[in-house]
Amino acid sequence: MFQSQNGKKGGKVVILGYDLGHRFAQISYCGMGETEPETVSAVTGTEQYNIPVALCKRPGVGQWYYGKEAVKFASQEGGILVEDLLYLAERGEDVMVEGEAFDPVALLTLFVKRSLSLLNIRLSLYQVEAFMFTVEDLTPRMVDVLTRVSGGLKLNAKSICFQNHLESFCAYTLHQSSELWAYDVVIFEYHTQMKILRLECNRRTSPKVVLIDHREFPEVLRRVWSEDEEECKRQKKELDELFMHLAGKELGTRDISTIFLLGDGFKEGWMKESLKLLCRNRRVFQGNNLYSKGACYAMMERMNPSKEWKEYVYLGEDKLKSNIGMKALRRGENSCYAVLDAGTNWYEAGCDFDVILESGDEIEFMVTPLTGGNVTERGVKLPGLPDRPRGTTRLNIHVEMTAVDQVSVTIEDLGFGELFPSSGKAWSCVIQV
């Protein structure tokens with residue numbers, strides 16, 4: 001039994017992974033120290049994990065239904081259905097329902113809050129120590145939306161974080177048996193159209209670098225099956241052949257250990273010859289809760305990084321691709337002081353620290369790319385810095401990223417106590433990385 005750090009007794013400390021999609025949401029949870037997350041079923045006693053991202057208002061009153069109940073009430077009782085909640089929140093325009101304007105982020109927050117009630121028979125929300133949202137694309141606008149949603153939930157969680165599906169895929173994979181990712185790992189995702197994600201790991205670097213390539217194939221659209229039996233058979237055979245051709249090209253270029261088939265599009269009984277191809281000398285799994293479980297794993301590592309996790313770094317589109325440090329003198333020996341670590345989300349990367357400048361009027365940063373290339377030195381000149389005796393200039397350095405390849409540096413002269421007052425000077429520059 002774990003003791004919750006928020007003072008609530010009687011339950012283990014829990015981490016939530018919440019996959020918020022445009023059509024469906026999923027919730028997985030895991031106790032700190034446990035090894036396998038569980039996914040909440042939208043229908044008790046089943047493995048129906050998908051919660052429709054929808055609300056429905058009862059006409060004439062302020063009563064709202066969510067998820068499957070919302071869809072059911074709209075179709076059977078004439079309720080006003082509001083779908084595409086994530087898209088509406090991203091767009092930011094008021095949603096009109098019965099002549100009343102509603103904030104779309106508030107509606108999305110209501111949906112998330114109501115969906116979390118599915119946890120009630122398993123645990124209390126007071127036990128939730130950390131919460132990870134995962135979405136398909138984590139744009140700056142999406143970060144803003146999720147930040148507002150998080151604030152509206154009024155959870156007692158110590159930490160609420162966001163990441164995209166690619167990072168959740170990485171976290172999920174690295175927590176599986178090593179034989180499943182001895183070579184590349186591929187996701188075929190099929191909801192409305194086909195998407196392919198390929199994870200590869202370069203084990204020759206330190207830390208080992210994980211990269212994920214992702215591509216979309218709009219030509220492989222979800223089918224509307226004909227009611228005519230023979231025509232339906234023809235459609236399924238055509239789709240099977242199209243997918244087999246696509247998969248054959250994808251699988252023929254690299255060694256693949258494992259394939260995951262995600263999405264309801266794979267549950268319609270059309271995979272015949274293509275499935276035989278996929279299963280040839282590799283493991284194949286079908287499901288749809290990989291991202292919410294991956295969000296749980298990633299949050300667990302943020303809270304308490306394991307030794308194995310520290311050996312890997314995922315370099316996604318939003319990640320800093322280089323280690324950034326400074327030349328420093330420690331105990332009389334030259335060393336490198338770590339400033340920013342590769343693998344950090346650029347919009348979360350930043351720090352403040354003080355240094356003692358031994359001599360001169362220049363600070364040197366070292367940029368060490370993990371994607372190949374040489375270590376480079378970037379000097380920052382401090383013109384007008386007062387000339388003081390050796391080791392009597394203290395500087396405050398503020399570092400933050402303004403883009404995935406830009407580091408903003410601000411340096412302020414603090415002087416050296418009463419002996420050498422601050423000059424009040426400050427310098428700013430941008431380092432390309």
Side-chain angles (χ1 to χ4, degrees), residues 2 4-8 11-22 25-34 37-40 51 53 66 85-86 89-90 103-120 122-172 289 291-305 309 314 316 318-319 343-351 400-401:
F2 294 86
S4 173
Q5 297 180 21
N6 56 28
K8 299 293 181 179
K12 60 187 178 183
V13 172
V14 172
I15 289 171
L16 289 188
Y18 195 109
D19 180 14
L20 183 56
H22 285 277
Q26 291 180 1
I27 308 170
S28 292
Y29 65 96
C30 189
M32 284 294 289
E34 296 179 359
E38 295 185 43
T39 305
V40 178
I51 308 164
V53 182
Y66 82 95
L85 294 175
L86 193 60
E90 281 187 283
D103 177 4
V105 177
L107 292 179
L108 181 62
T109 304
L110 176 63
F111 166 79
V112 174
K113 187 178 297 185
R114 292 284 179 86
S115 66
L116 290 174
S117 66
L118 291 169
L119 291 163
N120 286 344
R122 298 167 176 82
L123 53 93
S124 166
L125 288 180
Y126 285 113
Q127 296 170 238
V128 177
E129 190 79 357
F131 193 119
M132 176 69 82
F133 278 105
T134 184
V135 293
E136 184 174 6
D137 296 308
L138 195 62
T139 62
R141 171 59 185 165
M142 182 62 75
V143 171
D144 178 61
V145 167
L146 294 178
T147 300
R148 292 179 58 193
V149 169
S150 302
L153 295 178
K154 294 180 170 58
L155 294 174
N156 290 325
K158 180 191 299 183
S159 182
I160 300 179
C161 299
F162 321 130
Q163 67 184 28
N164 63 21
H165 280 175
L166 301 186
E167 194 162 2
S168 294
F169 173 29
C170 174
Y172 182 88
N289 59 343
Y291 296 130
S292 62
K293 283 191 170 185
C296 259
Y297 284 128
M299 196 72 235
M300 288 169 58
E301 296 292 353
R302 285 201 183 206
M303 298 292 289
N304 187 24
W309 182 263
Y314 166 58
D318 294 330
K319 301 290 188 179
T344 306
N345 291 323
W346 71 264
Y347 47 82
E348 295 178 329
C351 64
E400 65 176 286
M401 297 197 69

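Under the side chain to side chain donor-acceptor pair (under 3.5 Å) test applied with Y18, the options S28, S292, S115 reduce to a single match, S115. Among L108, T139, V135, the single residue meeting the side-chain contact (heavy atoms from CB on, under 4.5 Å) criterion with E90 is T139. For the side chain to side chain donor-acceptor pair (under 3.5 Å) with D19, the lone residue among H165, K293, Q26 that qualifies is H165.
Within the 4.5 Å cutoff, no side-chain heavy atoms of I160 are placed close to those of L146. Contact annotation: the side chain of K319 never approaches that of T344 to less than 4.5 Å [non-hydrogen atoms, C-beta and beyond]. Put simply, the side chain of Y347 does not reach to within 4.5 Å of the side chain of M401, judged on heavy atoms. The side-chain heavy atoms of V105 and V149, taken from C-beta on, include a pair separated by under 4.5 Å. Put simply, the side chain of M142 reaches to within 4.5 Å of the side chain of L86, judged on heavy atoms. When side chains are defined from C-beta on, T109 counts as touching L153, because their heavy atoms get closer than 4.5 Å. S159 has its side chain within reach of M299: a pair of non-hydrogen atoms, C-beta onward, lies under 4.5 Å apart.
Atom CG of N289 is separated from atom CD of E38 by 11.0 Å, given to the nearest 0.5 angstrom. Taken to the nearest 0.5 Å, the CZ atom of F133 stands 9.5 Å off from the CG atom of L16. Note that the CG atom of L166 and the CG atom of D318 stand 9.0 Å from one another [nearest 0.5 Å].
Taking the six-membered ring where the residue is Trp, Y66 and F111 present perpendicular rings, their angle passing 60° and hence far from 30°.
Considering every non-hydrogen atom in both I15 and C296, the closest pair reads O-SG, 3.6 Å.
Listed by first and then second residue, the salt bridge (Lys or Arg N to Asp or Glu O under 4.0 Å) pairs involving residues 103-117 are D103-R148 (not counting sequence neighbours).
No side-chain donor from either of T134 and E167 sits under 3.5 Å from a side-chain acceptor of the other.
Legend: residues meeting salt bridge (charged side-chain N to carboxylate O under 4.0 Å, His left out) with E348, ordered by chain and number and at least two apart, are R302.
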